[in-house]
Amino acid sequence: MSQTETVKSKLFDTYSELLEKNLLEEMLEVGMPRTIQEGELLIDIGDELTHIPLILDGVVKIIRKDKHGCELSIYYLEPGDTCSISFANCINKKTSIFKGLAETEVHVLAIPVDLIDDWLVKYKSWRHFIIDSYHFRLLEMVETVDSLAFLKMEQRIWKYLTDKVKISNEVDLELTHQQIAEDLNSTRVVITRILKKLHEEEKIYSTRNRVRVLEFFE
DNA sequence: ACATTAAGTGATT
DNA sequence: AATCACTTAATGT
């Protein structure tokens, strides 16, 4: 099978449900097939977006860097995905705010940016595809934010405490901050701070080796 | 009184 | 939220 045949079959395999046939044919004409080796960058922060990669094969890890260079992986892109966040960028001819790293060997079809705009008008399925993937990406990001948010540990502690109250049928719990930390896979200092906050909010009363749950409703 | 362990805090990542 | 470094408070012997 020739290379273009391979690209064609992969493209149709993964996208024919999502995109109309005319669009896929046009993609084949204008797109440039590229292979990215594992560990290589598809795109780095600050790069100019000249093409949109349609992923045919492999996994791409999308990474965001903070000011200090600390990296946080935001989500993964797989076949059938494309980096929808980059659409806003390319329509306004901006540079990338994310880093895309090939987690495995990746095959993409690189679509020139200029066409993205035209296709939005020309193809209904393309519009849906873009909006859908934007939505999906957003949901994914909300999820990662949730798991990082401060609120989460506080909620986990609260659930932990009220569960204990239910089980023991006793609002006075004998436990140390250290024990809670171990159960919740956290650290003592973090627990101490959150318990102090709950104490100040008068949801609990805590002293050494003891936590009393004050606001408990079945 | 002294050692040990639990809890509080500020700064930093 | 986690880690570090250090302080302060409670307890046991």
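Chain letters run A, B, ... following the sequence lines, proteins first, then strands; residues in each count from 1.
Taking atom CD on A/Glu174 and atom C1' on B/dT5, their separation rounds to 15 Å, with Å as the unit. For A/Glu182 and C/dA2, the CD to P distance is 13 Å, given to the nearest whole Å.
For A/His128, the ring-ring contact (aromatic ring centres under 6.0 Å, His included) criterion is met by no residue, not counting sequence neighbours. Legend: residues meeting side-chain hydrogen bond (donor to acceptor under 3.5 Å, both in side chains) with A/Lys8, ordered by chain and number and at least two apart, are absent. Applying the side-chain hydrogen bond (donor to acceptor under 3.5 Å, both in side chains) test to A/Arg34 and every residue at least two apart in sequence or in another chain returns nothing. With sequence neighbours excluded, the residues satisfying side-chain hydrogen bond (donor to acceptor under 3.5 Å, both in side chains) with A/Thr192 are A/His177, A/Arg188. Scored by the side-chain hydrogen bond (donor to acceptor under 3.5 Å, both in side chains) test, A/Glu182 finds A/Gln178 as partners (sequence neighbours excluded). Among residues two or more places apart in sequence or in another chain, the ring-ring contact (aromatic ring centres under 6.0 Å, His included) test is passed with A/Phe12 by none.
Here salt bridge (charged side-chain N to carboxylate O under 4.0 Å, His left out) pairs that include residues 19-30 of chain A, with residues two or more places apart or in two chains, are A/Lys21-A/Glu25, A/Glu26-A/Lys122.
In this structure, NE2 on A/His51 lies 8.5 Å from CD1 on A/Ile111, to the nearest 0.5 angstrom.
In the helix from B/dA1-C/dT13 to B/dT13-C/dA1, the end axes, each obtained as the rotation axis mapping the C1' atoms of four pairs onto the next four within a five-pair block, lie 20° apart to the nearest 10 degrees.
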For nucleotides 7-13 of chain B, read 5' to 3', which letter fits each nucleotide if B means a protein heavy atom sits under 4.0 Å from the base, S means only the sugar-phosphate is that close, and - means neither? BBBBB--

